[in-house]
Asker: 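Below are the structure tokens for one structure; questions will follow.
Remember, it's 1-based here, ligands and their atoms both numbered in the order they're listed. Counting from 1, the numbers follow the sequence of the chain as shown.
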Amino acid sequence: YQAKRSGGHFLLHEARCEPVDPQMLSLTAELRSAIDRDELMLFLQPIVKCDTRQLVGAECLVRWRHPRRGLLPPGDFVPRAERSGLIVPLSDWVMREALAIAASLQGAGHPLRLSVNVSRRAMVEPGFADAVSRYLAAHSLPVDRLLLEITEETLMLDEPGSRAVMQQLRHAGIGVAIDDFGTGYSQLAYLKSLPVGQIKIDKSFVRDVTTSPTDLAIVRALVELAHALGIQVVAEGVEQEDQAQVLESLGCDLLQGYLIGRPMPFDAFRAWIEKTERSYLPAS
Ligand code: C2E
Ligand code: MG
Ligand code: MG
Ligand code: MG
């Protein structure tokens, strides 16, 4: 994983597979130097317990501070990075940065669990699980300070490859969450055979959970299924208090969404934690 990154062979090789599209080539070239120029940034979005609203973790969401185009969301460059192979060094940067942040938070007395999105392409790169273990060890972080988010497609599109990596991660004690749960192929059988510790119910089900009996029924069934299998449930995209109330009544474990907090840069996240903690202290 490491050696390939520094050697650059992988990137050169992958670049040959690119279709010749000037716009794409220029953005890809820019992204390659963005990693070295420190133009990428991780935003952190709080994840809290559903019943007490206690902070337990945060999801790391990448942004690109593009010199001319401004702050770009991942949708503008992650899919291109996946097609060009740049997702491998990008993911490596995200993982290192996330663990540096986890270590810094730990040092400040906030032992939070950080969730990191991992694309299929980066996950099946040889040595992935070992690299993650090494980075954790380099910061003396316990494995439960990290959770890897993958999508159902990752498991389905490349069965043997990603499943083998899942087993290596299990062996290393590193937890895996299924992101955007319910929107993919939903071949639920994999839940029985793979080490999945958490599912994240997609925001498309959360949005209408208070008004649509169908969405309510789906979320209730997903929570029951997950709990029967010993899997923790996060609701994503929670924007309103009444959604949070319904999700709590359904037994959802964790909440994430604008209601709790927006994705924010590290300093703002630190300030958010301190403000939230103060609001729990008795007024003096
Ligand atoms: P995701 O992992 O499902 O992340 C949740 C997305 O929902 C984030 O969008 C977040 O900003 C947004 N969100 C959070 N709360 C709310 C809410 O209450 N309402 C609404 N409407 N949206 C909410 P973002 O940051 O634009 O990320 C989009 C996707 O890009 C992510 O979806 C993830 O699949 C991908 N991504 C982000 N960071 C990385 C990364 O470091 N590596 C890889 N491979 N993919 C990433
Ligand atoms: Mg995610
Ligand atoms: Mg999601
Ligand atoms: Mg998504």
Asker: Counting heavy atoms only, which of Gln240, Arg63, Glu236 is nearest atom 25 (O) of ligand 1?
Answerer: Arg63
Asker: Taking both backbone and side-chain atoms of Gln45, is any N or O found less than 3.5 Å from an N or O belonging to ligand 1?
Answerer: yes
Asker: I'd like to check which ligand 1 atoms, numbered from 1 as shown, lie under 4.0 Å from a non-hydrogen atom of Pro263.
Answerer: 11 (O)
Asker: What do we get for Val238 next to ligand 1 when only non-hydrogen atoms under 4.0 Å count, side chain, backbone, both or neither?
Answerer: backbone
Asker: Need the ligand 1 atom indices (1-based, order shown) with element for anything under 4.0 Å from a heavy-atom of Asp180.
Answerer: 3 (O)
Asker: The Mg ion (ligand 2) is nearest to which N, O or S atom of Glu59?
Answerer: OE2
Asker: Can an N or O of Asn117 be found at a distance shorter than 3.5 Å from an N or O of ligand 1?
Answerer: yes
Asker: Between Lys203 and ligand 1, which part of the residue brings a heavy atom under 4.0 Å of the ligand: side chain, backbone, both or neither?
Answerer: side chain
Asker: Any side-chain to backbone donor/acceptor pair from Asp253 onto Val233? Under 3.5 Å, distance only.
Answerer: yes
Asker: I want to confirm something. Looking only at heavy atoms, which of Glu97, Arg120, Glu239, Met123 is nearest to atom 19 (N) of ligand 1?
Answerer: Glu239
Asker: When you measure from the heavy atoms of Arg262 to every atom of ligand 1, does any distance fall below 4.0 Å?
Answerer: no
Asker: If we ignore hydrogens and angles and just use 3.5 Å, is the side chain of Thr183 paired with the main-chain N or O of Asp180 as donor and acceptor?
Answerer: yes
Asker: Measure the distances from the heavy atoms of Gly75 to every atom of ligand 1 and state whether one is below 4.0 angstrom.
Answerer: no
Asker: For the atom pair CG (Leu148) and OG (Ser115), what is the distance rounded to the nearest 0.5 Å?
Answerer: 9.0 Å
Asker: Could you tell me the separation between the CZ atom of Arg83 and the CZ atom of Arg121, rounded to the nearest 0.5 Å?
Answerer: 11.0 Å
Asker: With a 4.0 Å cut-off on N to O distance, would you call Arg69 and Glu39 a salt bridge?
Answerer: no
Asker: So, of the N/O/S atoms that Asp179 has, which is the nearest one to the Mg ion (ligand 3)?
Answerer: OD1
Asker: Closer than 4.0 Å to some heavy atom of Val62 - which atoms of ligand 1 meet that?
Answerer: 38 (N), 39 (C), 40 (C), 41 (O)
Asker: Taking the basic N atoms (NZ, or NE/NH1/NH2) and the acidic carboxylate oxygens, is any pair closer than 4.0 Å for Arg134 and Asp130?
Answerer: no
Asker: Would you say Glu236 reaches the Mg ion (ligand 2) with an N/O/S atom under 2.8 Å?
Answerer: no
Asker: Do Glu274 and Arg278 meet the salt-bridge criterion of a basic N to acidic O distance under 4.0 Å?
Answerer: no
Asker: Would you find more than 12 non-hydrogen atoms of other residues, nucleotides or ligands less than 6.0 Å from His227 atom NE2?
Answerer: yes
Asker: Flag Asp180 as yes if one of its N/O/S atoms falls below 2.8 Å of the Mg ion (ligand 2), otherwise no.
Answerer: no
Asker: Flag Glu59 as yes when one of its N or O atoms lies below 3.5 Å from any N or O atom of ligand 1, and as no otherwise.
Answerer: yes
Asker: Of all N, O or S atoms in Glu149, identify the one at the shortest distance from the Mg ion (ligand 2).
Answerer: OE1
Asker: Would you mind listing which atoms of ligand 1 come within a distance below 4.0 Å of any non-hydrogen atom of Gly257?
Answerer: 15 (N), 18 (O)
Asker: Backbone N or O of Gly261 within a donor-acceptor pair of the Gln45 side chain at under 3.5 Å?
Answerer: yes
Asker: I need the contact type for Asp179 against ligand 1. Using non-hydrogen atoms and a strict under-4.0 Å cut-off, is it side chain, backbone, both or neither?
Answerer: side chain
Asker: Would a distance-only check, ignoring hydrogens and angles, find a side-chain to backbone donor-acceptor pair under 3.5 Å from Ser33 to Glu30?
Answerer: yes
Asker: Any non-hydrogen atom of Arg207 lying under 4.0 Å from ligand 1?
Answerer: no
Asker: Would you verify whether the NZ or CZ of Arg80 falls within 45 degrees of the ring axis of Phe77 while also being under 6.0 Å from that six-membered ring's centre?
Answerer: no
Asker: List the atom pairs, donor and acceptor, that lie under 3.5 Å between side-chain atoms in residues 100-114 and the rest of the protein, sequence neighbours left out.
Answerer:
| from | atom 1 | to | atom 2 | distance (Å) |
| --- | --- | --- | --- | --- |
| Gln106 | OE1 | Arg145 | NH1 | 2.2 |
| Arg113 | NE | Asp144 | O | 3.1 |

Asker: Under 3.5 Å, side chain of Glu152 to main-chain N/O of Phe181, donor-acceptor pair present?
Answerer: no
Asker: Got an N/O contact under 3.5 Å between Leu259 and ligand 1?
Answerer: no
Asker: In chain order, what residues pass the salt bridge (Lys or Arg N to Asp or Glu O under 4.0 Å) check against Glu248, with sequence neighbours excluded?
Answerer: none
Asker: Below 2.8 Å, any N, O or S contact between Asn117 and the Mg ion (ligand 2)?
Answerer: yes
Asker: Could you tell me, atom by atom, which parts of ligand 1 come under 4.0 Å of a heavy atom of Val94?
Answerer: 41 (O)
